[in-house]
Amino acid sequence: MNNNLVVYNTLTRKKEVFEPINAPFVGMYVCGPTVYGDVHLGNCRTFISFDLIYRYLVHLKYKVRYVRNITDAGHLEGDHDEGDDKFSKKARLEKLEPMEIVQRYTIGFHDVLRIFNTIPPNIEPTATGHIAEQIEMVKEIIDNGFAYKINGSVYFDVEKYSKEYNYTILTNRNIDDLIANSRDLGGQDEKKGRLDFALWIKAKPEHIMRWPSPWGWGFPGWHIECSAMSSKYLGDTFDIHGGGMDLAATHHTNEIAQSQACHHTEPAKYWLHTNMLTVNGTRMSKSAGNGFLPAELFTGNHHLLKRGFSPMTVRFFMLQAHYRSTLDFSNEALEASDKGFRRLMNACALVEKLQTSDHSDVDIAKLSRRCYDAMNDDFNSPVAIAELFEAARVINSIHDGKTCIDQANLSLLSTLIHDFVYDILGLKEETIQTDEMGPLVDFIINLRLQARADKDYATSDKIRNGLFDLGIQLKDNKESTSWSKV
RNA sequence: GGUCGGAUGGCCGAGUGGCUAGGCAGAGGUCUGCAAAACCUCCUACAGCGGUUCGAAUCCGCUUCCGACCUCCA
């Protein structure tokens, strides 16, 4: 077991050595999407970041239970703890059942994440599937004295909680300032304190998504589902809780409060937060209307895009930035990643074809060590990728016959590429039909070789240009001609 | 207004008290029938102003600018 891994813990605001509570087992909970609309690229970044983290933990031989929820109930439009939830509103707009909305966008979410080559979580619980657990948790919080009932709704008493616990432990804010600065919600508010939040919300007569509870018909507040489901599947205290940075101040702060109030323990040892994807320096978000949909990016069908970019290019682009840094989205940046990604993958494809020598000019163990050092330093994929480009340079140089490698080092190199490029970074070759096309292309290449041997360059160039238009690029070496997809 | 985080070469992005990533773009070269690819070489930056230090892009202070959170958002 590798215990050199260091992770940045939002809770302590510093990097800490990663020590699972129950090694080799690791429990990881990541806040998933609210499925009332299409996921945009910003959402995808978070899930791709945690996919990287999950993949690396698995690579380190941890037995990870990865839980990521689907929020399909209880997420209100505003924070007034009144009015519609997002599903009811969307359902009315589209004249559908709320659960049709949920189903449609859950499927869309899964499709997108599959395209990005992310590994599904081990458990993907839904809020609607865990109403009973949420009710039980609310009851317990009431029994422990940290929540109160009003008119069929239940609210968490932040002021009371903050007398015994540090409510703002995650974000280190001053609670008095928070109270002073939080928005005045106007006259109809049922809540006692401005920071109080709903655990259970009474359903209005027209509200479709409703369940019976000790407090009448209603639906759960947004935050309680994660507390209920994470503790159900991972225990009262588990190893990693993750999500986007935007969730830390409110959602995760409230999760910690609920769990403390219910279980008298902090829910997670390490809190990991991923940073935002920005467009022109501003956060991509649904409400700001600057969100790209994955489909728009792939097709290039968006007014800010010059052309489309493939899913793996986008994944690679995201992994070239550290997960805790903002990443700005632009045509130029995508273009650069696209070219770099292809160069890397072309080199990786050459590894199996390399010839060995009886001595080696390269020390792959050292290179490998640097890749691990990078990933062990809070999953620093950009540095790992930089090292992999060094590997690519080595591979190309060997392939060109300018550098020698022995069998032992070649074996290490092959393992390095396999482990890091494919398993950990989760990149994959996007070209399809290579196996079927191979013999066909080889046949054409042989025809062209004959033409070249006859110095019939008109024909040989015609073949090369024709294949290029079909997306196949020929590369003439001294001895032979190789090809790759454009 | 409060809290927090940033400002790195043409662009994107790591790093962080001395060894000064990487990708893309650009320049030159090798190879080649010509290309392409690949390889080699070059381009050596850390917002501004002070301070600490033998030495700072990295630490401290101030200034300017930007962003996030504080309201649903990954």
Side-chain angles (χ1 to χ4, degrees), chain A residues 13 30-34 36-37 39-50 75-80 85-86 168 171-174 176-178 180-183 185 195 222 242-251 273-278 281-288 291 316-317 320-322 324-344 346-347 350 370 374 377 380-390 392-393 395-403 452 455 457 460-461 464-465 468 473-478 482-484 486:
Chain A
R13 283 167 287 283
V30 173
C31 288
T34 302
Y36 69 102
V39 286
H40 61 66
L41 239 19
N43 305 121
C44 293
R45 185 187 182 201
T46 292
F47 301 122
I48 289 172
S49 294
F50 281 105
H75 204 154
L76 294 172
E77 267 297 310
D79 194 37
H80 294 234
D85 67 50
K86 291 177 184 242
T168 55
T171 51
N172 201 29
R173 289 167 303 171
N174 182 313
D176 295 325
D177 290 346
L178 264 188
N181 289 322
S182 67
R183 181 183 284 186
L185 299 176
L195 296 179
W222 173 37
M245 267 183 192
D246 52 340
L247 297 182
T250 305
H251 183 55
H273 288 102
T274 59
N275 215 321
M276 301 292 105
L277 186 65
T278 60
T282 303
R283 174 184 169 190
M284 186 180 286
S285 76
K286 286 173 188 169
S287 49
F316 183 71
F317 165 70
Q320 272 188 303
H322 188 260
R324 280 192 294 113
S325 300
T326 54
L327 173 61
D328 199 54
F329 204 71
S330 69
N331 283 287
E332 293 71 22
L334 262 312
E335 203 76 56
S337 287
D338 186 52
K339 295 226 173 95
F341 174 63
R342 277 195 223 157
R343 193 161 88 80
L344 183 64
N346 282 338
L350 291 175
R370 286 205 294 266
D377 183 13
N380 197 328
S381 55
V383 169
I385 287 171
E387 300 298 345
L388 291 172
F389 272 109
E390 169 66 12
R393 197 188 55 75
I395 290 166
N396 286 325
S397 184
I398 296 166
H399 186 249
D400 284 356
K402 291 169 182 163
T403 301
R452 292 181 72 208
K455 300 223 187 303
Y457 295 122
S460 88
D461 288 355
R464 187 173 62 197
N465 293 337
F468 186 82
Q473 184 169 65
L474 300 188
K475 300 163 195 171
D476 293 331
N477 290 320
K478 257 189 185 130
S482 61
W483 62 279
S484 64
V486 178

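Each chain gets a letter, A, B and so on, in the order the sequences are listed, and its residues count up from 1.
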A:N172 side-chain N/O to B:U3 phosphate OP1/OP2 under 4.0 Å: no

Hey, are the side chains of A:L277 and A:H40 touching, using non-hydrogen atoms and a 4.5 Å cut-off? no

Among the nucleotides B:A14, B:C11, B:C39, whichever has the atom closest to the side chain of A:E332 is B:C11

Whole-Å distance, A:H251 NE2 to B:C70 P, equals 13 Å

note: A:E335, atom CD; B:G13, atom P; distance rounded to Å ~ 16 Å

Quick one: do the A:T326 and A:N275 side chains pair a donor with an acceptor below 3.5 Å?
no

Given 3.5 Å as the limit, does a donor-acceptor pair link the side chain of A:D338 with the main chain of A:L334, or not? no

Here the gap from A:R393 atom CZ to A:E390 atom CD, rounded to the nearest 0.5 Å, amounts to 4.0 Å

Against the side chain of A:F47, the closest entry in B:C70, B:A74, B:C39 is B:A74

Atom CG of A:N174 and atom P of B:C4 are separated, to the nearest Å, by 10 Å

Check: Is it the case that A:S381 and A:Q320 place a side-chain donor and acceptor less than 3.5 Å from each other?
Finding: no

CG (A:N346) and NE2 (A:H399) are apart, to the nearest 0.5 Å, by 10.5 Å

| query | How is A:H273 classified with respect to the nucleic acid when contacts are heavy atoms under 4.0 Å: base, sugar-phosphate, or nothing? | reply | nothing

Between CG of A:D328 and P of B:C12 the distance, given in whole Å, is 7 Å

Can you tell me if the side-chain N/O atoms of A:R324 get under 4.0 Å from OP1 or OP2 in B:G5? no

Any donor-acceptor pair under 3.5 Å linking the side chain of A:R45 with the backbone of A:M276?
yes

A:K339 NZ to B:A36 C1', in whole Å, measures 13 Å

Paired runs of 3 or more consecutive Watson-Crick or G-U pairs involving RNA chain B, with both pairing distances under 3.5 Å, are B:1-7 with B:64-70, B:10-12 with B:22-24, B:26-30 with B:38-42, B:47-51 with B:59-63

A:H322 NE2 to B:G15 P, in whole Å, measures 6 Å

Closest to the side chain of A:R173, out of B:U3, B:G15, B:C39, is B:U3

Whole-Å distance, A:L474 CG to B:C34 P, equals 17 Å

Q | OP1 or OP2 of B:G15 under 4.0 Å from side-chain N/O of A:N380 | A | yes

Looking only at B:A68, B:C39, B:C12, the nucleotide nearest the A:T282 side chain is B:A68

What I want to check is whether the side chains of A:T46 and A:T274 have a donor and an acceptor closer together than 3.5 Å.
yes

Just to confirm, is there a sub-4.0 Å distance from OP1 or OP2 of B:A74 to any side-chain nitrogen or oxygen of A:N43?
yes

I'd like a table of atom pairs between the protein and nucleotides 31-33 of chain B - only N or O on both sides, under 3.5 Å - with the distance next to each one.
from, atom 1, to, atom 2, distance (Å)
B:G33, N7, A:R452, NH2, 3.4
B:G33, O6, A:R452, NE, 3.4
B:G33, O6, A:S460, OG, 3.2
B:G33, N1, A:D461, OD1, 2.9
B:G33, N2, A:D461, OD2, 2.8

Atom CD of A:Q473 and atom C1' of B:A35 are separated, to the nearest Å, by 10 Å

- Query: With respect to the phosphate group of B:G6, does any side-chain polar atom (N or O) of A:S325 fall under 4.0 Å of OP1 or OP2?
  - Reply: no

Worksheet entry | B:C60 and B:G18, which share atom name P, separated by this distance in whole Å | 15 Å

Readout for nucleotides 17-22 of chain B: B = base within 4.0 Å of protein heavy atom, S = sugar-phosphate only, - = neither; 5' to 3' it is ----BS

### Message
Need one value for A:L327: base, sugar-phosphate or nothing, where a base atom within 4.0 Å counts as base even if backbone is also close, heavy atoms only.
### Response
sugar-phosphate

So what does A:G243 touch, heavy atoms closer than 4.0 Å: a base, only the sugar-phosphate, or nothing? sugar-phosphate

In short, A:G42 meets A:M284 closest at the heavy-atom pair N-SD, 3.5 Å

Correct closest heavy-atom pair for A:A249 and A:R173 would be O-NH2, 3.1 Å

Considering only heavy side-chain atoms of A:A336, the closest of B:C70, B:A38, B:C24 is B:C24

